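Both ligands and their constituent atoms are indexed starting at 1 by order of listing. Being a predicted model, the structure only gives us computed values, none of them experimental.
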Amino acid sequence: MQTKRIIVGVSGASGMPVAVHLLEALRTFPEWETHLILSKGAERTLRHETDLTPDALRALADFSHDPEDTGAAVASGTFRTEGMIVVPCSMKSLAGIACGYADNLLLRAADVCLKERRTLVLAARETPLHAGQLANMRRLALMGAVIMPLMLSFYSRPRTLEDMTRHMAGKILDVFGLEIPGFARWGGGE
Ligand SMILES: Cc1cc2nc3c(=O)[nH]c(=O)nc-3n(C[C@H](O)[C@H](O)[C@H](O)COP(=O)(O)O)c2cc1C
């Protein structure tokens, strides 16, 4: 079984339950090795939005990296990965990635994915958005990143927040060809 590596960056935007669901889902794919980078901002948001401690979130990943350690393995393009997900992606981290301002490990790892032409999914979260934030997203889309804002969808008839969260995590993992149980696909029809 060939191990595949994926980097999960969690930054300080709202949306921690999606990050938790996504990390839990990744654990069900044993051939995928997860590398988590939890920003300082994310630790604070995590406390606001869930009952999990940062250590409990870190325990969901195979490897957890200090966001200040820009010398970690994932900071180098020679460390092969399938790509990176930033979920949720704050406007600050999005701006840093858009400009190549790689002053922490999350930003550096995303920068590496762009330069190595690897898949980079940014689950951006803010509302409303100003022109600078929209320009950063456009810039990133032109650089090859997948901009996947955390957005509500109703066509799968979600009944609970858990349903909505699973659907969003499923959309993100679908980019990497990973399908999680209960992910509702549209099959056409009226
Ligand atoms: C409860 C809470 C919710 C936040 N939600 C958002 C958000 O949805 N989007 C955003 O861009 N920033 C949000 N922020 C602000 C970021 O956490 C802040 O800009 C932080 O510096 C981001 O740094 P990081 O990207 O390195 O984690 C929130 C902060 C808190 C405390």
Side-chain angles (χ1 to χ4, degrees), residues 6-23 26 34-61 63-75 81 83-115 118-141 143-153 158 161-162 164-169 171-172:
I6 188 163
I7 307 165
V8 179
V10 180
S11 71
S14 184
M16 291 300 148
V18 182
V20 174
H21 199 105
L22 185 132
L23 283 164
L26 277 168
T34 50
H35 289 258
L36 175 66
I37 308 165
L38 184 65
S39 77
K40 285 281 164 250
E43 290 196 20
R44 181 172 178 190
T45 316
L46 183 74
R47 276 193 286 273
H48 278 284
E49 297 190 334
T50 75
D51 294 327
L52 286 182
T53 62
D55 278 347
L57 190 78
R58 284 190 273 262
L60 293 175
F63 296 91
S64 172
H65 302 281
D66 179 344
E68 298 308 320
D69 182 12
T70 47
V74 293
T81 71
M84 178 172 182
I85 298 163
V86 184
V87 59
C89 184
S90 75
M91 293 303 104
K92 178 200 144 188
S93 284
L94 188 118
I97 300 165
C99 297
Y101 186 69
D103 81 331
N104 67 39
L105 184 63
L106 189 153
L107 300 179
R108 170 64 188 168
D111 210 31
V112 166
C113 284
L114 288 174
K115 82 181 176 74
R118 293 176 188 154
T119 304
L120 175 64
V121 179
L122 303 175
R125 198 279 154 194
E126 187 52 278
T127 195
L129 295 160
H130 63 62
Q133 294 161 335
L134 290 166
N136 284 337
M137 288 187 206
R138 178 177 184 277
R139 188 182 166 95
L140 283 159
M143 285 194 270
V146 179
I147 306 297
M148 195 177 284
L150 293 182
M151 282 192 180
L152 306 178
S153 63
L161 278 177
E162 173 77 10
M164 196 80 90
T165 302
R166 182 187 316 109
H167 189 73
M168 199 61 239
K171 284 277 289 183
I172 296 168

Between [X] and [Y] (side chain of the first, backbone of the second, donor and acceptor by atom type, cut-off under 3.5 Å), is there such a pair?
{"X": "Arg108", "Y": "Ala75", "answer": "yes"}
{"X": "Thr34", "Y": "Ala61", "answer": "no"}
{"X": "Arg139", "Y": "Ala98", "answer": "yes"}
{"X": "Ser11", "Y": "Pro88", "answer": "yes"}

>> Taking Arg58 first and then Glu43, would you say they form a salt bridge - that is, a charged N and a carboxylate O separated by under 4.0 Å?
In response: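 Salt bridge: yes.
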Original post:
Just wondering, do Leu161 and Pro17 contact through their side chains at under 4.5 Å, heavy atoms?
Top reply: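 No. Closest side-chain heavy atoms not under 4.5 Å.
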May I have a table of the N/O to N/O pairs between ligand 1 and the protein that fall below 3.5 Å, each row giving the two atom names and the distance to 0.1 Å?
residue, atom, partner, partner atom, Å
ligand 1, 5 (N), Ser14, N, 3.3
ligand 1, 8 (O), Ser14, N, 3.1
ligand 1, 8 (O), Arg125, O, 3.3
ligand 1, 8 (O), Arg125, NH1, 2.8
ligand 1, 9 (N), Arg125, O, 2.7
ligand 1, 9 (N), Glu126, OE2, 3.3
ligand 1, 11 (O), Met91, N, 2.8
ligand 1, 14 (N), Gly12, O, 3.3
ligand 1, 17 (O), Gly12, O, 2.6
ligand 1, 25 (O), Ser90, OG, 2.6
ligand 1, 25 (O), Ser93, OG, 2.6
ligand 1, 26 (O), Lys92, NZ, 3.0
ligand 1, 27 (O), Gly12, N, 2.7
ligand 1, 27 (O), Ser39, OG, 2.6

